[in-house]
Amino acid sequence: MGFTIISHSLLFHHYYQSTCIKSQSHNSLYNQSCRSRVCSFSSPLLMLHRRRSASRGSARRLAVTEDAGAREGEQDKDDQRAGPNLETLFRRFWKVASPYWSSEDKIQARLKLAAVFALTLGTTGISVGFNFLGRDFYNALANKDQEQFTKQLLYYLGAFAGGIPIFVLRDYAKDTLSLRWRSWMTSYYLERYLKNRTFYKIQSQSIIDNPDQRIVDDLSSFTGTALAFSLTVFNAAVDLISFSNILYGIYPPLFVVLIVYSLGGTAVSVFLGKGLVNLNFMQEKKEADFRYALVRVRENAESIAFYGGEKNEKQLLLDRFKRAFENLSQLLISSRNLDFFTSGYRYLIQILPAAVVAPMYFSGKIEFGVINQSVSAFNHILSDFSLIVYQFQSISAFSAIIDRLGEFDDVLDAAFSNDLKSDDSEEIIIHHTDLCVQPSSDYNGSIPQSECQKLLEVYNLTLQTPRSGTILIKGLSFVINEGDHLLITGPSGSGKTSFLRALAGLWTSGQGTITFYGKDASRCQTSVSSGTNSSPQQSSKDDDLKNKKYRRAGQVFFLPQRPYMALGTLRQQLLYPTWSENSLPASTNSGIAASSSTQYNDMPTTEDLVHVLNIVSLGDILSRFQGLNCVHEWSSVLSLGEQQRLAFARLLLAKPRFVLLDESTSALDEANEAHLYKQIEAAGITYMSIGHRSTLFKYHRKVLKISKFDLNNNKQNWQLWPINQATKPQSVPAS
C-alpha cells in the first residue's frame with residue numbers, strides 16, 4: 001500500500017507531461033494524423049479531441065467542401081510544396097491569434113486568461129510542495145520511522161484533496177476559454193468569408209483548398225492548441241525557475257548534465273523531424289480531397305446511377321485515397337524515426353539522475369529521500385528544457401494548422417483589398433439608384449414618367465472573363481423599363497449566363513456601367529449609389545458604402561437554372577433569402593433596398609405560404625412531407641422541376657420589381673412554364689430571361705441575341721429588337 005501511494009505521488013505532478021507523451025504510443029492509425037498530435041499538448045485537450053473525433057464524421061458530411069488539387073498538375077505542385085519558414089509561421093500565428101484579444105470580448109477574455117495563468121501558478125506551487133513531501137516521505141520510509149511515515153502519509157492525502165481541484169479547475173478554465181475563443185473566431189472568419197462574396201471568388205478561382213475545413217477543424221484545433229501550448233510554455237518557465245534552485249542546491253554537476261542532455265536532444269529532434277510540418281499540411285489537404293470526392297458521390301447519386309459510373313467513381317475515390325495513404329505512410333515513417341529517438345530519450349532519464357547522485361548517497365553525503373527529490377526535480381526541469389523533443393510531432397502538426405489558417409487569412413485580406421483598388425482600374429461599375437431623386441432644374445420639380453418606369457440601364461458594357469480576359473460581349477447598351485420583358489438568346493458559350501453574373505455583381509472584369517433603378521414612394525431622398533455622394537440622412541458606415549455593389553437590391557431577384565435548396569424546413573425554403581424564419585429583415589438606409597409596399601417588412605403567414613404553393617402547383621408537397629416544418633435534403637427529395645417551381649414560389653412571395661431568370665423553366669413542361677410566366681407578370685414583376693425554347697418568345701416583348709465574339713472583326717456581337725414575328729431581327733441602337 002505504501003509503495004502504491006509513493007508511486008502515485010511521484011506521478012501526480014508529472015501528470016500534465018507524462019500523459020501527453022504516453023498517449024502518442026497508443027493512438028490508432030487515424031489518430032496519428034496531425035489532429036491527434038496537435039491535441040496531445042494536454043490530456044484534457046486530448047480527451048476533448050477524442051470526443052470531437054467521434055462526431056467529426058457527421059460534421060464533415062454536412063460541410064460542403066471545396067475541391068482543390070483535382071488535376072494532376074496541381075497534385076505535382078502540391079507534392080513539391082516547401083514548408084514555411086519560422087518568420088512566416090510567427091507572423092501568421094500572431095495575425096490569426098491577436099484579433100480576439102483586442103476584440104469587443106477582450107475584457108472577459110483577458111480576465112479568464114489571467115485566471116488560467118493564476119491556476120497554472122497554483123499547480124506549479126503544488127508540484128513544488130509534492131517535491132518536498134516526497135523527500136520527507138522517502139526519508140521516513142528509509143529510516144523505518146513509522147510515526148513520521150504516518151504523518152507524511154496524512155500530509156500526502158491532504159495535499160491530494162487540496163491539489164486535485166486546482167488541476168481540474170485549471171483545465172476546465174482553459175477549455176472554456178478555448179471554446180469562447182473558437183466561437184468568436186468562427187463568427188469572425190465566417191463574416192469575412194461571406195463578405196464581399198469572397199466565398200464565390202475562392203470557389204470560382206480555386207484560390208485555396210477546403211475553406212470549410214479551415215473554418216471548422218483548423219480553427220477548433222488552433223484555439224485549443226494555441227492556448228494549451230501557451231500554458232505549457234508558461235508552466236515550463238515557472239517550473240524551470242522553481243526547480244532549478246532545488247536541483248542546483250542538491251548537486252550542481254547534475255544541473256550541467258541536464259542542460260547538455262536537453263540541448264542535444266532538441267538538436268537531434270529538429271534534425272529528424274524537419275519534414276513533418278509539410279507532411280502534416282499535405283495530409284490535411286489530401287484527406288479533405290478524398291472526403292470531397294465522397295461527398296460528390298452522395299450529392300450526385302442519381303446522376304451517377306443513371307450513367308452507370310460506379311466503376312469510374314470507384315477509381316477516382318481509390319486514386320484520391322491512395323494519395324492520402326502514400327502521404328500518411330511518409331508521415332508515419334518520419335514519426336517512427338523520431339519516436340526511436342524520443343522513446344530512448346524519455347526512458348533514459350528514469351535512471352540518469354539517480355545514477356549521477358548515487359555516489360553521494362553511497363558516501364553518506366545525502367539521504368535516500370534526496371535521491372527521490374533530485375529525480376523529481378530533474379524530470380521537471382528536463383521536461384521544461386525538452387519541450388521540443390517531447391512535443392515535436394505536435395508542434396509540427398500545429399505549425400501546419402498555423403500555415404493553413406494564415407494562408408486563409410491572407411486570402412481573405414487580399415479579397416477585401418482588391419475591392420478597394422483605385423478608381424482608374426478597369427472594371428464594370430454597378431450603381432443602385434433611387435428614382436425618387438430631389439427635384440432638379442432639368443425636370444422643373446417633376447420626374448418624367450419615362451424616367452420613373454426605368455428598372456435597368458446598361459451602358460457601353462464590355463464583358464470579359466475574370467482570368468484570361470477573353471471578351472464575351474462588346475459595347476452592349478440598352479434600357480429596361482417596367483413591363484419590358486426581355487428574352488436573351490444565343491449559342492452556348494456566347495456569354496448569356498456570364499452577362500447575368502455581371503448584372504449580379506459576380507463578374508466585374510471589363511468596362512461599362514450597369515445601373516439599377518429603385519422606387520420608394522414613401523420617401524424622396526437622394527439615393528446612395530456606387531460612385532455618388534450620399535446625403536447626410538442616408539450616409540452610413542464606410543464599410544457599408546464600400547460593399548454597396550455587393551448588396552443585391554431588394555427589388556431585384558435572381559433565379560438560376562438549378563435553384564439553391566437551403567438546409568432547413570420547407571418553410572425556410574420558401575422564405576429564403578428574403579426573410580429569416582425567426583426574425584424580420586433588418587432595415588437599411590439604402591433607398592434601393594426598400595420596397596414601395598410592405599412585403600419586405602411583413603413576413604408571409606402560413607396561409608400565404610400554403611397559397612403560393614398552390615399557385616405554383618406544389619400543393620401536394622405539404623401532404624407528402626407532413627407540413628411546412630419538416631426537414632429534408634430538399635435537393636435530393638425534390639425533382640429539378642419541383643425545385644424550379646419552389647423557386648418561383650419564393651419569387652412570388654418576395655414580389656421584387658425585377659427578376660433575372662437563367663433558364664429557370666428548363667425542367668418544366670410548356671403548360672407549367674406558361675402558368676408561371678403569367679403569374680409573375682400578373683404580380684407586376686418585370687423579368688429578363690435566358691432561354692432556348694421558341695415558346696418563350698410569347699412571354700417577352702424584346703429579344704437580345706448574343707453571338708460569339710469574333711476577335712478578327714472586333715465588332716459588337718449582339719442584336720436587340722422588339723418581338724414582332726412579321727419583322728426580321730435588326731440591330732437596335734441604345735435608347
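In this text the structure is predicted, and so the values were computed from the model without any measurement.
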Participant: Between the side chain of Ser664 and the main-chain N/O of Leu661, is any donor-acceptor distance below 3.5 Å?
Facilitator: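 A pair under 3.5 Å: no.
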Participant: Between Arg92 and Asp409, is there a side-chain N and carboxylate O pair less than 4.0 Å apart?
Facilitator: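 A salt bridge is absent here (no side-chain N lies under 4.0 Å from a carboxylate O).
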Participant: Look at Asp209 together with Lys285 and state whether they make a salt bridge at an N to O cut-off of under 4.0 Å.
Facilitator: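 No.
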Participant: For Asn210 and Tyr292: C-alpha separation, side-chain torsions, deciding distance, then whether side-chain hydrogen bond (donor to acceptor under 3.5 Å, both in side chains) applies.
Facilitator: CA-CA 9 Å; Asn210 306 293; Tyr292 172 78; over 6 Å; no
Participant: Side chains of Arg562 and Gln644: do they bring a donor and an acceptor to under 3.5 Å?
Facilitator: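 The answer is no; no qualifying pair exists.
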Participant: Quick check against the 3.5 Å criterion: does Gln573 have a side-chain atom that pairs as donor or acceptor with the backbone of Leu646?
Facilitator: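 Absent.
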Participant: Regarding Arg197 and the six-membered ring of Tyr200, is the cationic atom NZ or CZ under 6.0 Å from the ring centre and inside 45° of its axis?
Facilitator: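 Not satisfied by the 6.0 Å and 45° rule.
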Participant: Donor-acceptor pair, Trp634 side chain versus Gly568 backbone, under 3.5 Å?
Facilitator: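 It does hold such a pair.
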Participant: In Å and rounded to the nearest 0.5 Å, what is the CG to CE distance from Asp289 to Met282?
Facilitator: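 Nearest 0.5 Å value for the CG-CE distance: 8.0 Å.
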Participant: Whether the side chain of Gln330 engages the backbone of Asn327 through a donor-acceptor N/O pair (distance < 3.5 Å, no angle test) should be reported.
Facilitator: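 Not at all, since once roles are kept as given, no pair shorter than 3.5 Å links the two residues.
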Participant: Does any part of the side chain of Phe290, heavy atoms only, come nearer than 4.5 Å to the side chain of Leu316, both counted from C-beta?
Facilitator: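 They are not in contact (no side-chain heavy atoms under 4.5 Å apart), so the answer is no.
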Participant: Evaluate the ring pair (Phe, Tyr, Trp, His ring centres under 6.0 Å) criterion for residues Phe557 and Phe658: first the C-alpha distance (whole Å), next the side-chain angles of each, then the deciding distance (0.1 Å), finally the verdict.
Facilitator: CA-CA 6 Å; Phe557 213 81; Phe658 188 47; over 10 Å; no
Participant: Mark yes or no for whether Thr232, through its side chain, and Ala228, through its backbone, hold a donor-acceptor pair below 3.5 Å.
Facilitator: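 Yes: the side chain of Thr232 pairs with the backbone of Ala228.
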Participant: Could you tell me whether Glu407 and Arg214 have a side-chain N and a carboxylate O separated by less than 4.0 Å?
Facilitator: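 Salt bridge between Glu407 and Arg214, a charged N being under 4.0 Å from a carboxylate O: yes.
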Participant: Just checking Trp184 against Tyr188, ring centres under 6.0 Å apart?
Facilitator: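 Yes: the rings meet the under 6.0 Å criterion.
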Participant: May I ask you to decide whether Lys496 forms a salt bridge with Asp662, counting only side-chain N to carboxylate O separations under 4.0 Å?
Facilitator: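 The answer is no: the pair does not qualify as a salt bridge.
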Participant: Within the distance-only criterion (no hydrogens, no angle test), does the side chain of Thr176 pair as donor or acceptor with the backbone N or O of Tyr172 below 3.5 angstrom?
Facilitator: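 Side chain of Thr176 to backbone of Tyr172: a pair is present.
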Participant: Any donor-acceptor pair under 3.5 Å linking the side chain of Thr462 with the backbone of Lys474?
Facilitator: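 No; zero donor-acceptor contacts below 3.5 Å.
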Participant: By the definition side-chain contact (heavy atoms from CB on, under 4.5 Å), identify the one residue from Ile473, Leu660, Leu472 that meets it with Phe499.
Facilitator: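 Among Ile473, Leu660, Leu472, the one meeting side-chain contact (heavy atoms from CB on, under 4.5 Å) with Phe499 is Ile473.
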Participant: Within this structure, what is the CG-CD distance for the pair Leu279 and Glu284, rounded to the nearest 0.5 Å?
Facilitator: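 Here the rounded value is 12.5 Å.
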Participant: Do Leu500 and Ile690 touch side chain to side chain, with heavy atoms closer than 4.5 Å?
Facilitator: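 Heavy-atom side-chain distance check passes, below 4.5 Å.
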Participant: If we count only N and O atoms by modelled type, under 3.5 Å, do the side chains of Glu287 and Gln283 hold a donor and an acceptor together?
Facilitator: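 Gln283 and Glu287 do have a side-chain donor-acceptor pair below 3.5 Å.
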Participant: Are Arg180 and Gln108 packed together at the side-chain level, in the sense that at least one heavy-atom pair is separated by less than 4.5 angstrom?
Facilitator: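 Result yes, sub-4.5 Å side-chain heavy-atom pair found.
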Participant: May I ask you to decide if Leu179's main-chain N or O and Ser183's side chain share a donor-acceptor pair within less than 3.5 Å?
Facilitator: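 Side chain of Ser183 to backbone of Leu179: no pair is present.
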Participant: Any chance you could measure Tyr459, atom OH, to Leu476, atom CG, to the nearest 0.5 Å?
Facilitator: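 It is 12.5 Å, given to the nearest 0.5 Å.
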Participant: Within the side chain of Thr223, is there an N or O that forms a donor-acceptor pair under 3.5 Å with the backbone of Ser220?
Facilitator: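 Pair found, side chain donor or acceptor close to backbone of Ser220.
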Participant: Calculate, to the nearest 0.5 Å, the distance between atoms CG and OG1 belonging to Leu506 and Thr497 respectively.
Facilitator: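 Leu506 CG to Thr497 OG1: 11.5 Å, rounded to 0.5 Å.
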Participant: Testing Thr513, Thr515, Leu503 for side-chain contact (heavy atoms from CB on, under 4.5 Å) with Val458, which one passes?
Facilitator: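 Of the listed options, the one satisfying the test is Leu503.
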